[in-house]
Number of protein chains: 2
Amino acid sequence: MTRRMHRRHRLMSSGSGAGRSGNTDRESSASIDALIYRLGNFMELSEPDKQRLRESIVRSITVEKGKNLISENERPDHVHIVVDGWACRYKHLADGRRAILAYLIPGDVCDVHIALLDHMDHSVSTLTSVTFALIPRETVNHIFENYTSLAYAFFWASLVEESVQREWFVNNTGRPADKRLAHLLCEMQLRHRAAGLTQENCIDFPLTQQDLADAMGITVVHTNRVMQKLRGDGLIAYDNKQLTIHDWEALKAFGDFDPGYMHLTEEALKQ
Amino acid sequence: MTRRMHRRHRLMSSGSGAGRSGNTDRESSASIDALIYRLGNFMELSEPDKQRLRESIVRSITVEKGKNLISENERPDHVHIVVDGWACRYKHLADGRRAILAYLIPGDVCDVHIALLDHMDHSVSTLTSVTFALIPRETVNHIFENYTSLAYAFFWASLVEESVQREWFVNNTGRPADKRLAHLLCEMQLRHRAAGLTQENCIDFPLTQQDLADAMGITVVHTNRVMQKLRGDGLIAYDNKQLTIHDWEALKAFGDFDPGYMHLTEEALKQ
DNA sequence: CGGTGTCTTGACATTTCTCAAGTTGGGTGG
DNA sequence: CCACCCAACTTGAGAAATGTCAAGACACCG
């Protein structure tokens with residue numbers, strides 16, 4: 001009776017990779033492969049389902065660095081999916097600081113929430129220049145109501161995001177700043193790997209120390225010192241917006257990083 | 001084409017309230033009204049849907065205080081719903097401390113995750129003696145695949161929980177301990193009110209200071225001092241496991257509490 | 001070549017932790 | 001009914017982590 005879905009891992013559909021960096025013109029044709037790749041982590045999407053997703057995209061837009069895409073309390077008409085670049089969820093604190101709740105990288109859905117909730121409870125803005133693919137809200141609702149397997153896939157993605165949010169909570173609540181940073185870097189490395197955006201132990205890392213500080217809930221000054229410590233200990237290197245993890249096992253151990261919460265497949269973990 | 005669901009607020013079905021405290025024998029008949037009440041916050045469930053939910057419950061269990069209900073990495077066979085008492089989600093930190101991720105009160109679903117994910121990424125345990133209603137996982141999957149409106153309702157509950165988790169993240173990451181506690185108490189008061197579990201400005205509050213400390217990521221000692229401060233300032237009173245909020249507006253202001261993230265209806269907010 | 005954003009450094013202030021020792025209150029066996 | 005026991009709550013004093021402020025260094029861009 002119950003058709004169980006098993007987690008399966010598929011390579012991205014032939015010949016098309018989620019844009020690595022810079023602007024290839026593939027993106028302007030609303031490449032949603034990053035999302036399909038990600039959803040495919042949970043279940044194998046059928047060709048018709050994939051096609052359905054691709055056709056749902058009405059257009060794609062590019063937003064320059066540091067701009068608000070969605071503001072708290074709005075109800076956007078479209079669901080946005082990151083195709084290229086880094087964005088973040090955030091809220092403002094009473095004293096004016098910005099609390100970053102999540103980093104969004106290619107394949108991440110910014111706002112499924114608005115398919116069901118009547119307002120955004122946080123904002124989304126870009127940390128680099130970002131390209132988004134847009135699906136009308138009505139289309140998303142239509143998908144939910146007519147294609148169970150796609151609905152499952154979106155629900156799955158949402159549950160995984162919730163799990164990541166819980167781990168961020170644990171990270172910021174229970175670990176000192178140095179381990180906190182180590183843990184965060186481990187996660188970003190793995191998420192990039194799982195999205196096919198990494199060469200070896202190196203990822204594009206265009207964030208400023210302020211961006212990191214706002215996510216970890218510490219000051220820039222302290223972020224700087226903690227970063228120097230990790231560098232000094234030979235765990236990481238950072239140069240020209242490229243982050244290199246010199247000693248993955250050591251960084252993982254130091255940051256108490258256990259990737260179980262990311263719900264990745266075996267393949268994505270090893271790769 | 002798209003049938004939009006509007007948020008509606010309904011009183012609990014006649015004559016039955018979510019168990020207030022103590023053990024009434026109503027609970028042993030697998031009262032799931034707390035959940036129906038909660039889901040009903042988003043949309044009016046049809047009578048057949050309500051019936052479907054009630055019939056899904058195969059049994060209810062009572063677990064004594066301080067016991068693990070679900071452990072990390074397990075995949076329980078049933079979805080658990082709190083009917084009476086307080087439980088929590090938590091993870092262990094490397095140094096042995098416990099990080100509480102969420103408090104679960106009547107109407108909260110402990111583990112929908114396992115309908116889609118293959119393992120729990122955190123544990124659930126009781127903070128008081130707790131009664132749970134159980135729905136077999138297979139039944140939940142069946143509901144998802146055959147009753148769109150109920151599936152929507154569960155998805156909605158999951159999105160709201162995610163939103164609450166984000167706010168907990170902001171709270172612990174961006175606010176000092178005293179405001180953190182004020183914010184937490186505001187939330188618990190409102191959640192109880194929205195679940196019909198409050199008289200005036202007073203709620204059952206059976207948590208120890210250790211339970212609070214583990215949720216806020218501070219030590220018991222500091223929790224104690226901060227609590228005294230709120231009491232000293234005349235914001236709250238705490239006696240005999242009853243929490244009284246003397247000055248709601250002041251507590252709200254002090255804790256920067258804005259209930260938007262809870263996605264409650266107007267009615268639930270005013271009441 | 002100057003300017004602006006980002007990174008880095010130092011000295012001192014504040015929050016929170018640690019440890020260690022009471023105190024209180026409800027429950028339980030004699 | 002008393003005596004004691006244990007969990008929970010309180011208190012104090014000193015230590016550690018992180019914040020604040022202020023200034024200088026670096027680097028990229030127009």
Side-chain angles (χ1 to χ4, degrees), chain A residues 64-67 86 93-100 125-129 171-184 205-232 236-243 254-255, chain B residues 64-67 86 93-100 126-129 171-184 204-232 236-243 254-255:
Chain A
E64 63 178 316
K65 170 178 172 172
K67 294 292 173 217
W86 290 59
L93 295 170
D95 60 9
R97 280 178 301 153
R98 169 185 67 162
I100 292 184
S125 81
T126 56
L127 296 172
T128 65
S129 168
N171 199 34
N172 282 11
T173 292
R175 286 191 267 263
D178 48 2
K179 290 178 185 287
R180 201 178 289 187
L181 178 59
H183 190 282
L184 182 57
F205 204 81
L207 304 188
T208 65
Q209 293 187 356
Q210 184 67 61
D211 294 334
L212 283 169
D214 289 347
M216 295 190 292
I218 60 180
T219 56
V220 216
V221 173
H222 203 227
T223 301
N224 182 280
R225 301 201 224 258
V226 159
M227 198 137 199
Q228 287 178 56
K229 175 169 185 284
L230 295 193
R231 281 194 298 233
I236 63 167
Y238 177 68
D239 184 46
N240 195 30
K241 297 187 184 304
Q242 293 282 315
L243 173 73
F254 181 68
Chain B
E64 62 177 317
K65 170 178 172 172
K67 295 292 174 214
W86 289 59
L93 294 171
D95 60 9
R97 279 178 302 153
R98 168 184 69 161
I100 291 185
T126 56
L127 296 173
T128 65
S129 167
N171 199 34
N172 282 10
T173 293
R175 288 192 265 264
D178 47 3
K179 288 176 185 288
R180 202 179 288 186
L181 177 58
H183 192 282
L184 182 57
D204 279 345
F205 203 81
L207 304 189
T208 65
Q209 292 186 358
Q210 184 67 61
D211 293 333
L212 282 170
D214 289 348
M216 295 190 292
I218 60 180
T219 56
V220 216
V221 173
H222 202 226
T223 302
N224 182 281
R225 302 201 222 258
V226 160
M227 198 138 198
Q228 287 179 55
K229 175 168 185 285
L230 295 193
R231 281 195 299 234
I236 63 167
Y238 177 67
D239 184 48
N240 196 29
K241 298 188 183 305
Q242 293 283 317
L243 174 73
F254 181 68

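All figures in this text were calculated on a predicted structure; none of them were measured in a lab. In what follows, chains are A, B, ... by sequence order, proteins preceding strands, each numbered from 1.
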Measure from the side-chain N and O atoms of [X] to the backbone N and O of [Y], and report whether any donor-acceptor pair falls under 3.5 Å.
X: A:Arg97; Y: B:Gly174; result: yes
X: A:Tyr238; Y: A:Gln228; result: no
X: A:Thr126; Y: A:Gly66; result: yes
X: B:Arg180; Y: B:Asn172; result: yes

Partner of A:Met216 under side-chain contact (heavy atoms from CB on, under 4.5 Å), chosen from A:Leu181, A:Asn171, A:Asp211, A:Val226:
A:Leu181
Above 12 or not: heavy atoms from other molecules or residues under 6.0 Å from CG of A:Asp95?
yes
Output yes when at least one side-chain N/O atom of A:Gln228 is less than 4.0 Å from OP1 or OP2 of C:dT9, else no.
yes
Looking at A:Asn224, does any N or O in its side chain come under 4.0 Å of the phosphate oxygens OP1/OP2 on C:dC7?
no
Could you tell me how far apart [X] ([atom1]) and [N] ([atom2]) are, to the nearest whole angstrom?
X: B:Met227; N: D:dT10; atom1: CE; atom2: P; value: 8 Å
X: A:Lys179; N: D:dA16; atom1: NZ; atom2: P; value: 17 Å
X: B:Lys241; N: C:dG27; atom1: NZ; atom2: C1'; value: 13 Å
X: B:Asp214; N: D:dA8; atom1: CG; atom2: P; value: 12 Å

Give me the distances for all protein-to-nucleotides 4-6 of chain C N/O pairs that come in under 3.5 Å?
none

Would B:His222 and B:Thr219 count as a side-chain contact (heavy atoms from CB on, under 4.5 Å) here? Give the steps.
CA-CA 5 Å; B:His222 202 226; B:Thr219 56; 3.5 Å; yes
What one-letter contact string describes nucleotides 24-30 of chain D from 5' to 3', where B marks a base within less than 4.0 Å of any protein heavy atom, S marks contact via sugar-phosphate atoms alone, and - marks no contact?
-------
Quick one, give me the B/S/- string for nucleotides 10-25 of chain C, reading 5' to 3', where B means a protein heavy atom under 4.0 Å from the base and S means that only happens at the primed atoms, P, OP1 or OP2.
BB----SSBB------
Might you work through the side-chain contact (heavy atoms from CB on, under 4.5 Å) test for B:Ile236 and B:Arg231, ending with a clear yes or no?
CA-CA 5 Å; B:Ile236 63 167; B:Arg231 281 195 299 234; 4.0 Å; yes
Residue pair A:Thr128 / A:Pro206: nearest heavy atoms and the distance that separates them:
CG2-CG, 3.4 Å
Can you name the nearest heavy-atom pair linking A:Lys229 to A:Phe254, along with the distance?
NZ-CZ, 3.6 Å
Output, in order, the C-alpha distance, side-chain angles, deciding distance and verdict of side-chain contact (heavy atoms from CB on, under 4.5 Å) for B:Phe205 and B:Leu212.
CA-CA 11 Å; B:Phe205 203 81; B:Leu212 282 170; 4.0 Å; yes
